[in-house]
Structures are given as C-alpha cells and as structure tokens.
Amino acid sequence: MSDTHKSLNFLEQIVEDDLANGYTREQLRFRFPPEPNGYLHIGHCKAIGISFGLGEKYDAPVNLRFDDTNPAKEEQEYVDAIKEDVAWLGYKWDQVCFSSDYFQQLYDWAVEMIKDGKAYVDSQSSEVMAEQKGTPTQPGVAGPYRDRSVEENLDLFERMKAGEFKEGAHVLRAKIDMADPNMLMRDPLMYRILHKDHHRTGNTWCIYPMYDWTHGESDYIEQISHSLCSLEFKPHRKLYDWFLDQVYTGKDLRTKQREFARLNLNYTIMSKRKLLRLVEEGVVSGWDDPRMPTISGLRRRGYTPMALRKFVETVGVAKRENVIDVSLLEFNIRQDLNKTATRVMAVLDPVKLVITNYPEGKEEQLLADNNPEDSNSGTHEVPFSRELYIEREDFKEEASNKYFRLTLGKEVRLKNAYIIKGESVVKDASGAIKEIHCTYDPESRSGSGTEASKRNVKGTLHWVSIQHAVKAEVRLYDRLFNNESPDGHPEKDFMEFLNPESLKVITGYVEPFLANAKVGDRFQFQRLGYFNVDLDSTADKLVFNRTVGLRDSWAKQKPKPQQNQGQPKPQQQQQASALSTINKLGKKLANLPEEKRIATIADIEKHAANLSEEEVKGFFNTAAKKVGTRMAGIVSLYAFAKAHSKEISSIDGAEEFVQKALEDKNELLQEVASR
RNA sequence: UGGCCUAUGGUGUAACUGGCAACACGUCGGUUUUUGGUACCGAAGAGUCUAGGUUCGAGCCCUAGUGGGCCAACCA
C-alpha cells in the first residue's frame with residue numbers, strides 16, 4: 001500500500017494547517033522554555049521531544065530559552081544542568097536565550113502601556129488585591145488605585161525601578177477587566193519589586209516582570225511561530241494574546257500558544273517542588289540519584305537518550321490527562337540495550353560450585369559472544385576453573401520438572417562452558433548449603449562442535465570462576481514509591497508511600513573482563529538484567545547500577561498459588577457469548593453492505609435461540625439512535641419467540657418495541673420489524 | 001455563579017473527507033533458543049461516558065447532561 005498515511009498529532013496538524021494557510025517554512029521556529037529552578041525530569045523530556053522534534057521534522061530552529069524572571073529561585077547551577085540534559089538527549093538548539101535579556105525591552109513596552117492607560121501602579125497589599133480579585137465564580141472589583149493618572153503611574157513606576165520602594169510596596173498591573181470570567185484577566189500583575197541579585201543581571205534591576213508579561217513577549221521578540229506548553233497554561237492564552245496585542249506591530253510574525261497534556265508516570269512524582277524535597281531531606285542522594293525521574297537520574301541509572309526519545313514518541317501527544325505505565329519506559333530501555341549492551345556474567349548471590357572431576361589448578365580461557373543480537377560485536381575471553389560461583393537461586397536439591405536449573409542428578413549447561421551434573425551438597429551446621437558438588441562432561445565444551453556439546457539440556461546457568469572473579473558493589477534499584485499515584489492522595493503526604501526497599505546495595509562477583517569498565521559503560525549481566533558503571537566507580541572499586549531487570553516469565557509464574565489449577569472459567573464465557581455475540585454483530589448492522597447484512601441477520605437468529613427472555617427484554621430500552629442494536633433486538637425477539645413458540649404479545653414490552661421500530665424513519669429497521 | 005479543557009480495551013495513542021474501531025505496552029498461550037532474555041506466531045480484552053438529534057450510515061457533526069482536569073501565588 002502506498003498510502004502509508006502517517007497520522008499527525010494535533011500539534012503537527014496545527015503546523016500543517018498554518019503552512020497551508022500562509023506561513024512559510026522559514027517562519028517556523030520553536031522554543032523550549034525551562035525555568036532554571038530545578039532539574040529537568042522525564043516530563044520535560046516530552047516537552048523537549050515535542051518542540052525539538054518539530055524542529056527536526058521541519059528543519060526549523062529551536063531556541064533553548066531560560067525563563068529567568070524570578071531571582072529568588074533561580075540559579076546558574078540549574079542552567080548548566082539543563083543545558084547538559086538537553087544536549088545529552090541529542091537535541092541541537094539554535095540559540096540559548098534568557099528572558100532576562102529582554103528586561104529593558106519589556107520595561108520600555110510597559111512604559112508605553114502606562115502612557116496608553118493600559119497599566120497602572122497599585123499600592124495595596126497582596127492580600128487586599130487578592131480579595132478584590134474575586135473568585136472563579138465571583139467577579140472582582142476595582143481597587144482604589146485603578147484610575148491613577150498617567151503622570152502619577154509613570155512617576156511611581158520609574159521610582160520602583162530606581163529602587164526607592166521596599167518590596168511589596170507597589171506593583172504594576174495591566175488594566176484589563178476585573179469581572180472577566182477568566183481570573184487571569186482581572187488586572188494581572190506585570191511587575192513586582194524584588195531587591196534580589198539576579199544570576200545574570202546582578203543588581204541592575206529591582207523590579208522583575210511576571211511570567212505572563214514575559215513569556216509571550218519573549219516569544220514575540222524571538223519570533224517563535226508556535227509556543228507549545230502544557231495544558232495548565234490554557235487559561236493563560238487569553239492573556240498571552242492580550243499582551244501580544246499591546247506590542248504587536250502587524251509587520252512581523254504573530255506568535256501563538258498551544259497546549260498539550262503533560263506526561264505523568266505511575267509510581268513516581270513529577271512536581272519539581274516535591275522532587276526538591278526528596279533531595280533536601282536526603283531521601284535520595286541528589287537530583288541525579290538513579291531512582292529519581294530526572295533526566296540526570298535516568299542517565300545515571302543507565303538509560304540511553306535513544307530509549308527516552310523513543311519513549312516520548314510512543315507516548316504520543318494529546319490533550320487529555322494521562323498516566324503512563326512505567327512498563328512502557330522499561331520496554332523502551334530494554335529494547336535499546338538488548339541491541340547494544342555487551343553480555344557478561346556476574347553472580348550477585350553466590351554459592352560455591354565445585355566440579356569434582358575437573359583437574360585442580362587447571363584453568364581455561366573460554367569464548368563468550370559479546371552480543372548475540374549483533375554479529376559484528378565480537379567475543380571476549382572468560383576464565384574457567386574447578387571452583388565457580390553460581391547464583392544461589394539456580395540450585396535446588398530437588399525440584400519439579402518445571403525447574404530448569406541445577407538439581408541433584410540433573411544436567412544443566414554452564415553458559416559458554418560445559419554441561420554439568422549435580423552430585424551432592426555440603427551443608428553447614430545450620431543446614432544452609434555451603435557447596436554444591438558436580439561433575440562435568442569434558443566433551444561438552446561450548447563451541448567445540450562435538451556431539452556432546454550439542455546435547456540438548458533444558459537449563460543454562462551463568463557463573464564466574466572464583467579465583468578470577470572481581471568483587472564489585474552492585475546497587476539494585478526498585479521503584480521509589482509503592483503507590484501508583486504517590487501525590488494523588490490529598491489527605492496523605494507523598495512521603496508516606498516511599499518504598500523502603502528502593503535501594504539495595506550488595507557485593508557481587510563479576511568476570512574479570514569488567515575490571516577496566518569505564519564509568520557509564522552499559523552491560524547485560526546475563527540472565528539478570530542491564531547494568532551500568534556508576535559515577536562512584538573507581539579503579540579499585542567497581543560500582544554498578546541495575547538499570548532494569550530482564551523480563552522474567554519464570555519469576556512471574558512462581559508466586560502462583562496451586563489452587564486454580566482447574567479450568568479457567570469456560571462456563572461463564574459460554575453464557576455471556578450468546579448475548580454479547582449478538583450485541584457485537586448488531587452494532588454495525590445498519591451500515592453493513594446488503595449481502596453481509598443478510599448473513600449477519602441469519603447469524604443473529606441462530607444465536608437468539610439461546611437467549612433468555614430477560615436478555616431479549618434487555619433490547620427494549622436500547623437508545624433510539626442505536627439502530628443496529630435495535631435491529632438485532634428485533635431479529636432476536638422474533639427468533640426467540642419462534643424458538644420457544646411464544647406469541648410476541650405475551651412478552652412484556654415487546655409489542656411497543658416493535659411498533660416503535662415500524663414507525664422509525666430508518667428503512668432497514670422498518671423492514672426487519674415488519675417481517 | 002462562573003470560565004476553559006477533556007472523555008476510545010488495563011495503559012497510552014490512532015482511525016485522513018462520516019463507511020465492518022487499529023497500533024504499541026501490558027496480560028495469557030505457543031514455536032525457536034547455550035540468557036526462563038531476544039525473535040516469531042497466536043489469543044483474550046472496547047458496543048468509543050449518557051441521552052437526544054442530523055444521516056442510508058456517527059467514535060467522528062449538532063444539543064443537553066454526567067464524569068475527570070485546570071483557573072482565586074508579588075511562582076513559572
């Protein structure tokens with residue numbers, strides 16, 4: 001099929017429509033506008049993906065703009081971190097901009113507005129002004145300073161700028177409409193006095209513009225064609241446009257704001273304020289703690305830019321509130337790492353395995369594929385000897401035949417090595433297993449090509465040679481919260497849902513190949529999961545983070561209780577099916593092609609014999625507009641009556657139901673009813 | 001006494017101009033496999049919030065209702 005119509009999301013559609021209605025491609029320009037008051041998280045990843053993605057799609061520039069109008073909360077540290085994160089994701093911005101670069105222009109425009117009677121200085125307290133503002137359901141009222149003269153406003157505003165007043169003494173407000181149903185239009189603040197040093201402008205200013213007055217005008221200055229933001233800014237759009245009206249010359253591009261639903265992930269939180277609390281209260285080690293949903297945390301955890309980009313791509317763009325399941329995130333990182341991560345062996349919960357018929361002191365270098373998914377990835381050597389560690393979980397003295405791992409008397413393969421057979425167990429005084437003794441088949445070495453090496457054994461275990469193993473710290477992460485929606489409970493603090501087991505630090509044994517792994521390197525620990533080398537790793541102490549486990553269908557079936565071994569529930573399904581089949585068939589009945597319709601009706605008649613009278617009656621109050629279902633109802637009624645040799649008139653409500661169908665405008669329905 | 005947004009399987013997103021509701025994740029089976037991974041095959045799961053209307057035909061258009069979200073920071 002040549003019509004691979006790639007469906008556009010609604011933002012792409014808007015851009016396409018604009019292009020069709022006069023915008024040129026050269027006019028397209030986007031921006032990502034973070035406030036430098038915290039680290040970027042996975043939710044920002046979506047926003048970044050949308051604006052930068054559009055930039056890539058249309059080959060249009062995208063500015064990275066820091067919305068830095070509040071010196072009380074913003075810091076250079078965050079600016080640097082944000083740049084690093086965006087760059088790491090692989091996006092290229094056109095210009096780095098700062099709203100603070102436009103402070104003078106904004107001030108000049110504000111003065112013009114005062115002269116035009118569109119802005120005034122208010123000198124009340126914030127509490128009083130809030131009261132005058134009314135509520136969403138109640139209009140506001142004008143304050144006493146609303147009609148100050150232009151001269152007085154100009155004088156006051158200039159003195160505000162000159163630093164003559166204390167914080168809170170005066171503000172500049174736009175003069176719009178105190179009764180507007182949109183609260184944001186009730187004379188919004190444009191400037192407040194803040195005697196604080198700004199991370200870029202120092203002490204040049206002591207009045208700072210508010211978000212609404214800054215954001216749209218910054219877009220306009222930069223000639224952003226589409227200013228995309230999250231849904232909570234929808235009510236701001238009216239103000240955005242109003243402010244733009246005040247400065248728009250009519251000669252250049254008029255920017256527009258459009259809104260999309262932000263990303264939410266279950267089992268985590270996305271609020272910067274709450275993330276900051278986790279950092280400040282030491283619940284996590286910092287913004288880049290691998291359990292954090294921040295980009296830097298995910299990076300440290302071992303996520304790849306590709307996985308994150310793919311993730312936000314699959315999540316889509318729309319306008320309804322959504323909660324994405326973390327499993328989708330995990331799917332994306334596994335998919336990427338499966339193709340790229342080098343396979344190695346590591347034992348995290350070791351038990352000693354002795355191969356009694358393997359010569360003492362002997363060692364061999366065996367070959368291991370670096371990545372079976374990538375034929376160009378090559379191989380590496382792994383040392384083998386008489387004493388190994390295997391995973392404690394991989395041995396049971398006796399087990400059902402569903403257990404593919406090592407038991408006494410059964411054979412399994414040691415990955416990349418030999419086939420072994422469990423022989424005996426050595427236990428300590430308390431009965432805990434100290435050693436497992438086994439024998440190996442010398443002919444069965446992997447890759448040797450012998451008959452024995454090709455033997456089919458069900459299980460394959462990973463292992464490390466004890467004398468060659470390298471100790472490493474391994475950090476096992478689990479979700480930070482136990483609750484699907486930690487901040488979705490108004491009466492409870494999200495901290496109550498912290499998972500006490502979100503981090504487990506253990507010592508593991510890894511094959512010597514990993515001895516000189518570098519910080520950030522990603523591996524698959526065979527049969528266990530994906531791991532990367534943590535920042536804390538040093539030449540003499542390796543530290544690994546578990547990025548994500550492998551899918552594990554064995555772990556899933558284990559906890560299953562024995563009881564429901566019986567039959568699933570065929571009974572119930574059988575019963576539901578007569579009615580539900582008819583419903584399904586009936587739904588589209590009215591707009592099927594004739595031939596198919598006749599066949600479908602015959603089909604319904606067949607099923608209708610199995611209905612109960614109650615089920616048939618259920619059709620009688622079908623909504624009038626559901627013509628197909630009503631048709632199916634009529635057909636069922638007739639077939640039912642026939643099958644049970646009943647008169648229509650003996651069924652409550654049936655005659656009325658038929659009568660209504662006969663009187664319906666729809667010919668098909670009439671036809672069916674008149675049979 | 002309000003205004004704005006929104007409603008499609010468990011989750012997320014599609015369905016172009018109205019024409020037998022699709023894709024991905026997840027779930028459940030099966031095949032392959034020197035990773036209980038991967039890959040491949042298959043299944044279950046949605047009457048598209050409700051009720052009216054327009055139409056031969058509505059997830060899509062219109063009206064009303066209902067549910068959910070957002071809006072009363074000198075935050076962004």
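Values in this document were obtained by computation on a predicted structure and should not be read as measured data. In what follows, chains are A, B, ... by sequence order, proteins preceding strands, each numbered from 1.
Ranking B/rC75, B/rG2, B/rU34 by closeness to the A/K73 side chain, first place goes to B/rC75. Nearest nucleotide to the A/P136 side chain, out of B/rU38, B/rG2, B/rA15: B/rG2.
As judged by a 4.0 angstrom heavy-atom cut-off over every strand, A/E373 is placed among the base-contacting residues.
In the interface, the side chain of A/R405 is paired with the base of B/rG36 through a donor and an acceptor atom under 3.5 Å apart. For A/E667 against B/rG57, no side-chain N or O and base N or O form a donor-acceptor pair under 3.5 Å. Residue side chain A/R551 does not reach the base of B/rU38 through any donor-acceptor N/O pair under 3.5 Å, judged by distance alone.
With sequence neighbours left out, the ring pair (Phe, Tyr, Trp, His ring centres under 6.0 Å) criterion links A/F620 to A/F657. Every residue meeting the side-chain contact (heavy atoms from CB on, under 4.5 Å) condition with A/E321, not counting sequence neighbours, appears here in chain and number order: A/L231, A/N264.
In summary, of the residues considered (A/T214, A/T69, A/D68), a side chain to side chain donor-acceptor pair (under 3.5 Å) with A/S100 occurs for A/D68 alone.
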Quick test: give all pairs of protein nitrogen or oxygen and nucleotides 49-53 of chain B nitrogen or oxygen below 3.5 Å, distance rounded to 0.1 Å.
unit_1: B/rG52; atom_1: OP1; unit_2: A/A624; atom_2: N; d: 3.3

Produce the list of close N/O pairs, under 3.5 Å, pairing protein atoms with atoms of nucleotides 23-25 of chain B; give distances to one decimal.
unit_1: B/rC25; atom_1: O2'; unit_2: A/S327; atom_2: OG; d: 3.3

With the criterion being N/O to N/O and under 3.5 Å, what pairs connect the protein with nucleotides 65-69 of chain B, and how long is each?
unit_1: B/rG69; atom_1: O2'; unit_2: A/E321; atom_2: OE2; d: 3.1

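Taking the C1' atom of each, B/rA14 and B/rG52 are spaced 28 Å apart, rounded to whole Å. Rounded to a whole angstrom, the distance from the P atom of B/rC71 to that of B/rU27 is 35 Å. Look at the C1' atom in both B/rU6 and B/rG12: the space between them is 15 Å, to the nearest Å. When the C1' atom is compared between B/rC49 and B/rG59, the two are found 12 Å apart, to the nearest whole Å.
By the criterion of a centre-to-centre distance under 5.5 Å and near-parallel planes under 30°, the ring of A/Y211 forms no stack with the base of B/rA76.
To the nearest 0.5 Å, atom CG of residue A/L366 and atom CD of residue A/E511 are 10.5 Å apart.
Between the side chains of A/Y267 and A/D325, no donor-acceptor pair is found at a separation under 3.5 Å.
Every stem involving RNA chain B, taken as at least 3 paired positions in a row under the Watson-Crick or G-U wobble test at 3.5 Å, is listed here: B:2-7 with B:66-71, B:10-13 with B:22-25, B:27-31 with B:39-43, B:49-53 with B:61-65.
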